[in-house]
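Below is one structure, written out as structure tokens; the observations come after it.
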Number of protein chains: 2
Amino acid sequence: MGQQKLRNMEEFAAVSGISRPTLSKYFNDPDSVRRSTRQRIEAALTKYDYRPNVYAVNQNRRRTRNIGVVVPNLADPFFSEIGREVELACIAAGYSPILLSSHGKPSQERANLDSLRALKPAGVLLAAFGKASDRDAIERFNEDVPVVAFDANIEGACEAFVGTDNFQSVDLIVEYLCRSGAPPCFFEMKTPSNPNANKRRQAYLEAMERHGHAPHIHQVPGEGWDFEEVGMTEGGRLISSGAFETNTVLCSNDRLAIGMLSAAYGLGVKVGHGADCTMRIAGQDDHPFSRYTCPPLTTIAQDYAAIANQAASTLFRILDTETRLAEREETLFEGKLVMRASA
Amino acid sequence: MGQQKLRNMEEFAAVSGISRPTLSKYFNDPDSVRRSTRQRIEAALTKYDYRPNVYAVNQNRRRTRNIGVVVPNLADPFFSEIGREVELACIAAGYSPILLSSHGKPSQERANLDSLRALKPAGVLLAAFGKASDRDAIERFNEDVPVVAFDANIEGACEAFVGTDNFQSVDLIVEYLCRSGAPPCFFEMKTPSNPNANKRRQAYLEAMERHGHAPHIHQVPGEGWDFEEVGMTEGGRLISSGAFETNTVLCSNDRLAIGMLSAAYGLGVKVGHGADCTMRIAGQDDHPFSRYTCPPLTTIAQDYAAIANQAASTLFRILDTETRLAEREETLFEGKLVMRASA
DNA sequence: TTAAATAATTAACGCGCGTAAATTTTAAGT
DNA sequence: ACTTAAAATTTACGCGCGTTAATTATTTAA
């Protein structure tokens, strides 16, 4: 058993009988030393419990092994899940993820990039706000530290983007809704900052045209991040005023749908595809709570894990080669239809 | 405008005309230098945009100004909200919070404390698992770094605990339920790792006795963190089998209640206090999603902000005085009844 | 104005580790 | 056994900043 705490690598070198430069090599990359030495070091490690000083290490390395992960709002389970997936991918690759939430405020997104700059991360995985983001700040940041965007595309900015194919997934659910009942109206917030929202509206228009139906888009006021609240109040208003042209509503995202379902319930409107139901509501994202709504929400599932892993591995590729991508890459994953009771 | 990037404090000293030790003092505590020098420094700062190297700073300081914040699961909006409050309190006090989630796994809690050790934080704010936590590890950690527990009490461990008064809040909702209808049955998981769950059960028993009713506790199997799932499957089973002795159920927490509400809906059981309702369901915590359930969930709200601020300020007090508390402190905040439609 | 108190400067060391160059040891191949 | 390539060791410097002691400058009080 190792006793007194070892204060530095020097002392660990003394007790382990291995020179400090060799130890330094080992901690930077265990495979860079001969197997026999590696074993001796690891044996000593179990015996003496020494760990290099993080701050001293990072001061001297040209690049740290930190990776910044920035998401718009950790209070949204969608982002906490995808953030988690990204974290896991970083850890698996031997990096230390630093997860930062922008708490729904674009100004915080800038602040987060600023904080990250001080931490000299090797790279950054960024789920940005979109229009509300400070595009210049992101581009400037990307000049110093490679940034891979995920979930929200910042056209042209960042080294790469990984997200969901909104056109494919909207088409998928529109087709399902048309086939199984009335063609859907589209429900969204008037000024969506998220770029996916705009893609989805566009995709809805195209899909409806393709299927030969007239599109009906309902945009409601509402700022900020309280989607459920907007879905409930504004969605409820639309329902009770009979504003929807058909009995089917496709919401721009699940959180709006969750609020709208709550409103429908309060209004005594039965939602679902059963004979006794008067309207259908569908969402997009497969939010973690969507399976527990009343009724459970039919939606399009994004492939969280695939997006997270692809974004991470793209960044690792940049870091490993130490060269920026020859050209910007975009990877889109397909959404999957999740049929539940609401539509 | 300052041009070429300043590489270190030396260079900033040169261009700003202020000696490096004075700059060092300033960055450690702006108030430690004369007002006139402070103004000169700040003028130079706006001009030259220099920031001390985080790693070099932290290597040399005996204590960093980092504060570790550990919560059991960021995917749970309850913890992401209270974690956010704690973060804000740290920032306001000039510390840098480092938020870590244990992702529902007690082993990760240990791992998080381990990671934190490497970051040499000034203090730690810990929302632990409870029984599943590694009590020894926490106590050992607390020897090196002051830890203040919040949300979940680890009896005797840590410098202080800040949480909700479960006895007061359970009594409050039990009284409300009894007064407004049938006395409640109690619904929980069989092996709750969270210490609040045990307190709540105990509080339920006492409250029922105080109000002269026979208690009915229903414990269901289920592991892990998927409370909604357990609430839905097991809660649904109990409802459909008519296992509840009264028409009113008090759930150990909101997430169980959310699942149970979903199950009730699926079973066609109308929940609420209306004339056409057959059962009432209540929860505890005022989960962010509870206002959007069908029907909206009657529950007990914890005072997130008060708990977070009290926990943080207790820690700051320890850090400022550089002395551990003479004796362990416990602060409990009262819960508030949130009456919605479900009970 | 002067003495005393306060603040800033200069000079220098140390923190723990990365890293490079020169040297010695070890392992592999003949 | 001997040659060679590979790996480890020794020695030494530098990173950017905290910090201290001795000195000088500035402010405040008298």
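Naming convention: chains lettered A, B, ... in sequence-line order (proteins, then strands); numbering from 1 in each chain. Predicted, not measured: the structure shown is a model, and the values here were computed from it.
- Each ring pair (Phe, Tyr, Trp, His ring centres under 6.0 Å) pair with one or both residues in residues 79-107 of chain A, not counting sequence neighbours, appears once here: Tyr95(A)-Phe316(A).
- Atom pair Ile41(A):CD1 and dT9(D):P shows a separation of 8 Å (rounding to whole Å applied).
- With sequence neighbours excluded, no residue forms a ring pair (Phe, Tyr, Trp, His ring centres under 6.0 Å) with Phe141(B).
- Look at CD on Glu11(A): it is 10 Å from P on dC15(C), rounded to the nearest Å.
- The side chain to side chain donor-acceptor pair (under 3.5 Å) check on Asn153(A) picks up Arg328(A), Glu330(A), with sequence neighbours excluded.
- As rounded to whole Å, 11 Å separates atom P of dT11(D) from atom CD of Glu10(A).
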For nucleotides 28-30 of chain D, which of its nitrogen or oxygen atoms have a protein nitrogen or oxygen under 3.5 Å away, and what is each distance?
none

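- Rounded to a whole Å, the CG atom of Asp29(B) is 12 Å from the P atom of dA7(C).
- Between Asn28(A) and dG18(C) there is a side-chain N or O to OP1 or OP2 distance below 4.0 Å.
- The OH atom of Tyr55(A) sits 16 Å away from the P atom of dG18(C) (whole-angstrom rounding).
- The distance between atom CG of Asn8(B) and atom P of dC17(D), rounded to the nearest whole Å, is 6 Å.
- Within the nucleic acid shown, Tyr50(B) comes within 4.0 Å of sugar-phosphate atoms alone, with no base atom in reach, counting heavy atoms only.
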* When every nucleotide of nucleotides 8-14 of chain C is labelled 5' to 3' by its protein contacts under 4.0 Å (heavy atoms), B for base, S for sugar-phosphate only, - for none, what sequence of letters results? -> SBBBB-B
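- Protein atom NZ of Lys120(B) is 16 Å distant from nucleotide atom P of dG18(D), rounded to whole Å.
- With salt bridges taken as basic N to acidic carboxylate O contacts below 4.0 Å, one links Arg317(B) and Glu329(B).
- For residues 32-45 of chain A, the side-chain hydrogen bond (donor to acceptor under 3.5 Å, both in side chains) pairs, not counting sequence neighbours, are Tyr26(A)-Glu42(A).
- Residue contacts for Asn58(B): at a heavy-atom cut-off of 4.0 Å it reaches no nucleic acid atom on any strand shown.
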Side-chain polar contacts of residues 114-127 of chain B - donor-acceptor pairs under 3.5 angstrom, sequence neighbours left out - could you list them?
unit_1, atom_1, unit_2, atom_2, d
Ser115(B), OG, Ala111(B), O, 2.9
Arg117(B), NH1, Asp144(B), OD2, 2.4

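- The existence of a salt bridge linking Arg84(A) and Glu87(A) is confirmed by a sub-4.0 Å separation between a basic side-chain nitrogen and an acidic carboxylate oxygen.
- For Tyr50(A), the ring pair (Phe, Tyr, Trp, His ring centres under 6.0 Å) partners are Phe12(A), Phe27(A), not counting sequence neighbours.
- Qualifying ring pair (Phe, Tyr, Trp, His ring centres under 6.0 Å) partners for Phe161(A), counting only residues two or more places apart in sequence or in other chains: none.
- The CZ-P distance, from Arg51(A) to dC17(C), rounds to 12 Å in whole Å.
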